[in-house]
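For reference, the structure discussed in these notes is given below.
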Protein chains: 2
Amino acid sequence: MDPKLLEIYRCLCDETRLRLLHLLKQGPLCVCHFQTILDVPQVAISKHLAYLRQHGLVTAQRHEQWMIYRLSEPSPRELHLQLQCLQDCVQAYPVFKSDLRRLKTLRRDCGWVAEVASPKNKGGRGKRMPAACCDK
Amino acid sequence: MDPKLLEIYRCLCDETRLRLLHLLKQGPLCVCHFQTILDVPQVAISKHLAYLRQHGLVTAQRHEQWMIYRLSEPSPRELHLQLQCLQDCVQAYPVFKSDLRRLKTLRRDCGWVAEVASPKNKGGRGKRMPAACCDK
DNA sequence: TTGACATATACTCCATCGAGTATATGCTCA
DNA sequence: TGAGCATATACTCGATGGAGTATATGTCAA
């Protein structure tokens, strides 16, 4: 059996990874933002992101000192369906809601996040990330 | 975090369990039919069904010497969504197609399966299961 | 070039999982 | 009551997963 679907499910059966994917569904993010939002030790975030990367769900790209993670594009059909379903399921769980709330705050306060998340406004693309990212 | 969603994902990250759930989505089945369809050792089927039962995805009911498994009713929202999504994802995988094919054969040959699966035709409900179920 | 920061990797420990084998339980029928 | 069938449980073993700690790597800026 094509391992894809199983791989996806294995990626989805950890709370931290669910939260990471849920956030990534809103747009690319760097590790330090995940740390801020999830309030989980750096090493855990990093390892879970590595896991997701090894299984092809996300890709990473260095930008100066920061690693930017985003969902794989183009996403295979199963992944797309699963992430949509996750999105629907997650409504009832407070953690995900508060993650979203924190993400919005970050977007407001950190020019960079807002910009990468919705790349329509390209003014200053890649130039607005402050020294410690968003003055974290 | 309410463990429900994670529990569901953990149940979904094994191929045998995916196949079991996929079949149960079509209607109740007894263990011997799972064996016939999946061609997997009895003990494996039994243990995976126990796993699904422990996590509330399926229920079991004895009928004479046979154990009839069915999806939990009413299914919680997440489970419903997930099983629907599984259904969609699974289209591309030959295993699941051939499982369905075998299920249809069983329904044709085994009065009992056909009857339990679509309980509209109630004639002889519970009486038509032959000695060794469907003469397997 | 040194120090600070962001992130990744290596290593250990413990829990869980899945497969296999053997055996137990529950039911039916002769 | 004993045999046979359907199913479940106990036990072992090896693989994988997740947490924590320590350390390495890559980048920037002074």
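First the proteins, then the strands, lettered A, B, ... as listed; each starts at 1. Hydrogens, waters and symmetry mates play no part in the numbers below; they use all other heavy atoms, side chains included.
- One finds a side-chain N or O of B:H48 lying less than 4.0 angstrom from the OP1 or OP2 phosphate oxygen of C:dA19.
- In this structure, B:M67 atom CE and C:dT25 atom P are separated by 16 Å, rounded to whole Å.
- Nearest-nucleotide positions on DNA chain D place A:R17 closer to the 5' end than the other of A:R17 and A:V43.
- Nearer to the 5' terminus of DNA chain C, by closest-nucleotide assignment, is the contact made by B:Y51 (compared with the other of B:P41 and B:Y51).
- Comparing C:dA6, D:dT7, C:dT9 by their nearest atom to the side chain of B:Q35 picks out D:dT7.
- The distance between atom CZ of A:R53 and atom C1' of C:dT9, rounded to the nearest whole Å, is 11 Å.
- Summary of the strand contacts: B:A60 and A:R10 both lie near DNA chain D, and taking for each the nucleotide with the nearest heavy atom, the more 5' one is attributed to B:A60.
- With A:T36 contributing its side chain and A:C32 its backbone, the two residues share a donor-acceptor pair below 3.5 Å.
- One can place CG of B:D14 at 14 Å from C1' of D:dA15, the figure rounded to the nearest angstrom.
- Rounded to an integer number of Å, the gap from NE2 of A:H63 to C1' of C:dC5 is 15 Å.
- The structure places CZ of A:F96 at 5.0 Å from CG of A:L18, a figure rounded to the nearest 0.5 Å.
- Checked against C:dA8, D:dG18, C:dA6, the side chain of A:W66 finds its nearest nucleotide in C:dA6.
- With B:T105 contributing its side chain and B:R101 its backbone, the two residues share a donor-acceptor pair below 3.5 Å.
- The CG-P distance, from B:L20 to D:dA8, rounds to 11 Å in whole Å.
- In this structure, B:Q61 atom CD and C:dC27 atom P are separated by 13 Å, rounded to whole Å.
- The base of D:dA8 lies close enough to the side chain of B:Q42 for a donor and an acceptor atom to sit less than 3.5 Å apart.
- Using a 4.0 Å heavy-atom cutoff across all strands shown, A:R62 reaches sugar-phosphate atoms only and no base atom.
- Taking the side chain of A:Q65 as heavy atoms from C-beta on, and the options D:dA8, C:dC27, D:dC28, the nearest nucleotide is D:dC28.
- Residue A:F34 is out of contact with every strand shown, counting any heavy-atom pair closer than 4.0 Å.
- Closest approach to the B:E64 side chain among C:dT28, D:dA8, D:dC28 is made by C:dT28 (side chain taken as heavy atoms from C-beta onward).
- The backbone N or O of A:H55 sits nowhere less than 3.5 Å from a side-chain atom of A:R10 that would complete a donor-acceptor pair.
- Counting to the nearest Å, the C1' atom of D:dG18 and the CD atom of A:Q54 are 14 Å from each other.
- The shortest distance between the side-chain N/O atoms of A:H33 and the OP1/OP2 oxygens of C:dA6 is not below 4.0 Å.
- With hydrogens and angles ignored, the 3.5 Å screen pairs a side-chain donor or acceptor of B:S72 with a backbone N or O of B:L57.
- If you take CG of B:L38 and P of D:dT7, they are 13 Å apart, rounded to a whole angstrom.
- Between the base of D:dG20 and the side chain of A:K47 there is a donor-acceptor pair shorter than 3.5 Å.
- At least one donor-acceptor pair closer than 3.5 Å links the side chain of A:Y93 to the backbone N or O of B:L5.
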